[in-house]
Amino acid sequence: MSRPVILIVATGPDSSLYLINQEWATLTNDISTRADVDWATSGASVAEKLRYYTPAGILVLDAGWTVDRRERRGMIGHLARYAAQGGGTVVFAGVFPAVVSASAFRAVFPAFGVDWDFVGYENPVRARLNPRATVVAGGAARRHLARELPWMPSLVELSQLTVRLGSLEDVLYAIEETRSRRTGVESGIAMAPVGRGHVAFVGDRENEATTRTIILAMFQLLG
């Protein structure tokens, strides 16, 4: 049986906006032990690769492509169509949550049909796996993580970008502590069905071991 392919988006060398290889190499190495890894460096590169094959998942590890509006529109379009029509999983993680601007964040996720909004950075935040998340407890066709649950951490503690979600069902890890000014549903790890596929956000900024396990689960590489 051939191995799944994970396409990783890393669009440039500037460490202030792009993938910092030495900090996230453990994640890409973990993926490479379970899947074949391909790389894309631009929206055009993503589009070209999707014309030739359909990866099992796309991992967006940096935010350089969000700076130029034209490049951002193109990249978002390719990723959203891949998830909704191609049935794949798109995960935004790595350097992305550490450097993406609030305005760029708010331009990305509506294309996937989810109501996720930038809140701000917190450290540390304890959160517990949400048993009511759609990808955990939804109908048979929507329980994307059902086979991965035995290997997923029940509790995480992260330095994260926190986001506000329109639905509790999109929260993969629910924040345990209460903050006096916290409003609405907030989380640092979210995942939701999008058409035939899924979109996910992992706000960890420090490449914790638990984060790497969760991302592997999102791509169904554990079960």
Side-chain angles (χ1 to χ4, degrees), residues 6-9 11 40 43-44 46-47 49-51 54-63 65-94 96-97 100-120 127 129-146 148 160-175 183-204 214-215 217-220:
I6 302 299
L7 179 61
I8 299 178
V9 177
T11 55
V46 170
K49 291 176 184 296
L50 291 179
R51 282 197 293 269
T54 301
I58 297 179
L59 177 60
V60 182
L61 274 180
D62 64 36
W65 54 273
T66 65
V67 177
D68 180 83
R69 290 187 179 182
R70 182 175 181 180
E71 172 70 7
R72 184 171 69 199
R73 285 196 300 270
M75 181 73 81
I76 294 170
H78 299 318
L79 297 175
R81 283 191 296 274
Y82 160 76
Q85 300 173 20
T89 296
V90 179
V91 178
F92 294 84
F96 180 88
V100 68
S101 68
S103 60
F105 186 98
R106 290 167 181 147
V108 170
F109 290 97
F112 291 87
V114 294
D115 182 14
W116 299 355
D117 195 12
F118 187 106
V119 174
L129 184 63
N130 176 21
R132 298 181 181 178
T134 298
V135 292
V136 172
R142 310 186 87 187
R143 292 198 301 270
H144 180 75
L145 297 179
E148 315 298 310
Q160 68 182 33
L161 170 60
T162 298
V163 298
R164 183 173 298 113
L165 310 173
S167 171
L168 180 61
E169 295 177 343
D170 292 354
V171 174
L172 188 54
Y173 280 81
I175 294 174
T183 60
V185 178
E186 296 182 1
S187 177
I189 305 178
M191 191 171 193
V194 177
R196 296 174 55 206
H198 296 83
V199 64
F201 171 79
V202 181
D204 174 28
I214 291 166
I215 292 173
M218 289 173 167
F219 291 131
Q220 295 184 318

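This is a predicted model, so every value here is computed, not measured. Throughout, residue positions are numbered sequentially from 1 according to the sequence presented.
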Tell me, please, which residues at least two apart from [X] pass side chain to side chain donor-acceptor pair (under 3.5 Å).
X	answer
Asp68	none
Ser101	Ser103
Arg73	none

Any donor and acceptor pair, going by atom type alone, linking the side chain of [X] with main-chain N or O of [Y] inside 3.5 Å?
X	Y	result
Tyr82	Gly57	yes
Glu71	Gly43	yes
Arg132	Glu169	no

Of the non-hydrogen atoms in [X] and [Y], which two are nearest, and what is the gap between them?
X	Y	result
Val185	Leu168	CG1-CA, 4.1 Å
Leu79	Val60	CD1-CG2, 3.9 Å
Pro131	Ala137	O-CB, 3.1 Å
Pro55	Leu50	CD-CD2, 3.5 Å
Met191	Val135	CG-CG1, 4.0 Å

Exercise. Could you walk me through whether Asp204 and Ile189 pass the side chain to side chain contact (heavy atoms under 4.5 Å, CB included) check?
Worked result: CA-CA 8 Å; Asp204 174 28; Ile189 305 178; over 6 Å; no
For this session: State which residues pass side chain to side chain contact (heavy atoms under 4.5 Å, CB included) with Ala146; sequence neighbours excluded, sorted by chain then number.
Result: Arg143
Seminar exercise, completed: When Val9, Thr66, Leu161 are each screened for side-chain contact (heavy atoms from CB on, under 4.5 Å) with Phe96, the one that passes is Thr66
Got a list of side-chain donor-acceptor pairs under 3.5 Å for residues 86-93, not counting sequence neighbours?
none

Exercise. How far does CZ of Phe201 sit from CD of Gln160, to the nearest 0.5 angstrom?
Worked result: 8.0 Å
Exercise. Taking atom CD1 of Ile175 and atom CG of Asn130, what is their separation to the nearest 0.5 Å?
Worked result: 11.5 Å
Below 3.5 Å, can you tabulate the donor-acceptor pairs from side chains in residues 105-116 to any protein atom, sequence neighbours excluded?
residue	atom	partner	partner atom	Å
Arg106	NE	Asp117	OD1	2.5
Arg106	NH2	Phe118	O	3.3
Trp116	NE1	Asp170	OD2	3.0

Exercise. Does the side chain of His78 come within less than 4.5 Å of Ile58's, by heavy atoms?
Worked result: no
For this session: On the 0 to 90° scale, with breaks at 30° and 60°, tag the His144-His198 ring pair as parallel, tilted or perpendicular.
Result: tilted
